[in-house]
Amino acid sequence: MPRVGAGARICHFGGEFEPGVVVAVLEEGRRLQVRGESSELHEFVLNPATARFLAAGSGHGARLELLGDGGGGGDGDHDGPGAPAPAPAEAPPAQGA
């Protein structure tokens with residue numbers, strides 16, 4: 001689930017990218033408000049068919065990628081592209097040394 005303060009990347013139509021931060025999580029995580037680097041507030045809704053966050057009110061606008069530990073990976077997929085790699089499991093201590 002996305003969280004307030006999570007890093008994000010706004011992928012504008014046309015190929016430009018803008019860093020952003022999630023400032024509000026609404027509708028049980030299905031709608032997000034993200035403040036971009038330009039201080040503009042963007043709103044994204046989760047498309048249930050594609051599991052991607054897309055610009056609210058537009059079928060062909062920007063899309064959102066969640067970064068880091070914000071509860072999601074790329075495109076709203078919790079372990080998709082852009083998600084952090086899982087930490088390696090620690091090996092149990094050797095016995096009988």
Side-chain angles (χ1 to χ4, degrees):
M1 175 103 139
R3 66 171 175 76
V4 171
R9 183 166 75 159
I10 302 166
C11 306
H12 294 283
F13 188 73
E16 293 184 27
F17 297 96
E18 178 183 5
V21 175
V22 176
V23 296
V25 177
L26 309 165
E27 298 176 15
E28 297 177 343
R30 294 185 305 270
R31 182 177 294 269
L32 304 177
Q33 291 181 344
V34 177
R35 179 132 352 249
E37 185 176 52
S38 64
S39 297
E40 185 177 347
L41 187 64
H42 302 269
E43 192 161 4
F44 296 90
V45 293
L46 184 62
N47 180 319
T50 64
R52 293 176 186 248
F53 282 100
L54 303 176
S58 171
H60 300 291
R63 65 183 168 84
L64 184 69
E65 295 178 350
L66 296 172
L67 305 175
D69 63 351
D75 305 329
D77 182 359
H78 292 277
D79 48 357
E90 291 187 30
Q95 295 187 6

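Here the structure is a predicted model, which is why all the values come from computation and not from measurement. Heavy atoms only: backbone and side chains are in, while hydrogens, waters and symmetry mates are out.
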Can I get a per-line list of side-chain donor-acceptor pairs under 3.5 Å for residues 18-27, giving both atom names and the distance, sequence neighbours left out?
from, atom 1, to, atom 2, distance (Å)
Glu18, OE1, His12, NE2, 2.8
Glu18, OE2, Glu37, N, 2.9
Glu18, OE2, Ser38, N, 3.1
Glu18, OE2, Ser38, OG, 3.2
Glu27, OE2, Arg31, NE, 3.1

Fill in the blank from the handout: Rounded to the nearest 0.5 angstrom, the CG-CG distance for Leu32 and Leu66 is 6.0 Å
Practice task
Of all the heavy-atom pairs spanning Pro2 and Gly29, show the shortest one and how long it is.
Solution key: CG-O, 4.2 Å
Problem - Worked verdict on Arg9 versus Leu67 for side chain to side chain contact (heavy atoms under 4.5 Å, CB included) - result: CA-CA 7 Å; Arg9 183 166 75 159; Leu67 305 175; 4.2 Å; yes
Fill in the blank from the handout: Between Phe44 and Arg63 the two heavy atoms that sit nearest each other are CE2-C, 3.8 Å
Problem - Closest contact, heavy atoms only, Gly36 versus Ile10 - result: CA-CD1, 4.0 Å
Handout entry: Verdict with reasoning, Phe53 to Val34, per side chain to side chain contact (heavy atoms under 4.5 Å, CB included)
Key = CA-CA 11 Å; Phe53 282 100; Val34 177; over 6 Å; no
Fill in the blank from the handout: Separation between CZ (Arg52) and CD (Glu65), nearest 0.5 Å, reads 8.0 Å
Completion exercise
Closest heavy-atom pair, Ala51 versus Leu46, reported as atoms and distance to 0.1 Å, is C-CD1, 3.7 Å
Exercise for the section: Count the heavy atoms belonging to other residues, nucleotides or ligands that lie under 6.0 Å from CZ of Phe13, then report whether that count exceeds 12. Expected result: no
